[in-house]
Amino acid sequence: MSQKRPLPRELISAQAVKDRISALARQIEIDYQDSEELVCIGILKGAVFFMVDLLQQIHLPLAVDFFQTSSYRGGQEAGEIRIRKDIEILIRDKDVLLIEDIIDTGYTLRTILDLFRFRGARSVKLCTLLDKKAKREVEVDVDYVGFEIDDLFVVGYGLDIEEQFRNLDYIGVCDPPTDQDK
Ligand code: IMP
Ligand code: MG
């Protein structure tokens, strides 16, 4: 573990995050009210805090599963995504809602979206808490966005720097990770 980092400065308050999640939940509930089978898939680990708060406010029958890719700074080339944990639920002919903490370059989500479509999902939509649109390198259609943010390194509400700060109830800003953080 690295030495203790100072508490990140607030970018989005806990209340603003909660309010936005409630609004997203209401929208998703409307959009999926006629869905026969909805499967919500969270991208580990960052999406977990957001996913719990969001899904508790969606009053529809739905299944929950998780997917995990290789970590953000694994020393790999951009665009090279490795599956660390696959989903267990079969998604053929089902409506899939992918839940992510943040979209940056877009490589992770582009790969996952293509994979789930290839597996025959009836529909695949994407919901992200944060979107760093300016950093996008590959095109990804995002259906639900909590907040668009500038090119900052953010933590909290599931997002981490070297596994720290996931449990903050607000979104804060940190200095980006250095090579020593790997
Ligand atoms: P992408 O493939 O570049 O879109 O990367 C998305 C992943 O990078 C996210 O799921 C996060 O795990 C990580 N990431 C990107 N930006 C940040 C950030 O500002 N803070 C923490 N993690 C980030
Ligand atoms: Mg992530």
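Ligands are counted one by one from 1 in listed order, and the atoms in each one are counted from 1 as well. In what follows, every heavy atom counts, from backbone to side chain, and hydrogens, waters and symmetry copies are set aside. Computed from a prediction, not measured in an experiment: that's the story for all the values here.
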For ligand 1, is there an N or O atom under 3.5 Å from any N or O atom of Leu109?
-> no
Got Gln57 and Glu29 here, is their nearest side-chain heavy-atom distance under 4.5 Å?
-> no
For atom 20 (N) of ligand 1, which candidate among Ile171, Asp151, Val154 provides the closest heavy atom?
-> Val154
Is Gly106 near ligand 1, meaning one of its heavy atoms is under 4.0 Å from it?
-> yes
Specify side chain, backbone, both or neither for Thr105, according to which of its non-hydrogen atoms lie closer than 4.0 Å to ligand 1.
-> both
Heavy-atom contacts with Leu152 under 4.0 Å: which atoms of ligand 1 show up? List them by number with element.
-> 19 (O)
Is Asp160 close to ligand 1, meaning an N/O of one under 3.5 Å from an N/O of the other?
-> no
Could you list which atoms of ligand 1 come closer than 4.0 Å to a heavy atom of Asp101?
-> 9 (C), 10 (O)
Specify whether Phe116 and Phe67 have parallel, tilted or perpendicular ring planes, treating 30° as the upper limit for parallel and 60° as the lower limit for perpendicular.
-> perpendicular
Enumerated ligand 1 atoms positioned under 4.0 Å from heavy atoms of Glu100 | 10 (O)
Thr108 heavy atoms within 4.0 Å reach ligand 1 at atoms 1 (P), 2 (O), 5 (O), 6 (C)
Are any of the side-chain nitrogens in Asp104 or Arg136 under 4.0 Å away from the carboxylate oxygens of its partner?
-> no
Carboxylate-amine/guanidinium proximity below 4.0 Å for Asp114 and Arg119 | no
Please could you name the atoms of ligand 1 that Phe153 approaches to less than 4.0 Å, counting only its heavy atoms?
-> 17 (C), 18 (C), 19 (O), 20 (N), 21 (C), 22 (N)
Thinking salt bridges, do Arg5 and Glu162 make one under a 4.0 Å N-O criterion?
-> yes
So is Lys132 close enough to ligand 1, meaning a heavy atom under 4.0 angstrom away?
-> yes
Note: Asp150-Lys132 ion pair, threshold 4.0 Å (strictly below) | no
Taking 4.0 angstrom as the limit, do Asp160 and Arg166 come out as a salt bridge?
-> yes
Does Val155 come within less than 4.0 angstrom of ligand 1, counting non-hydrogen atoms of the residue?
-> no
Presence of salt bridge, Lys45 and Glu163, under 4.0 angstrom | yes
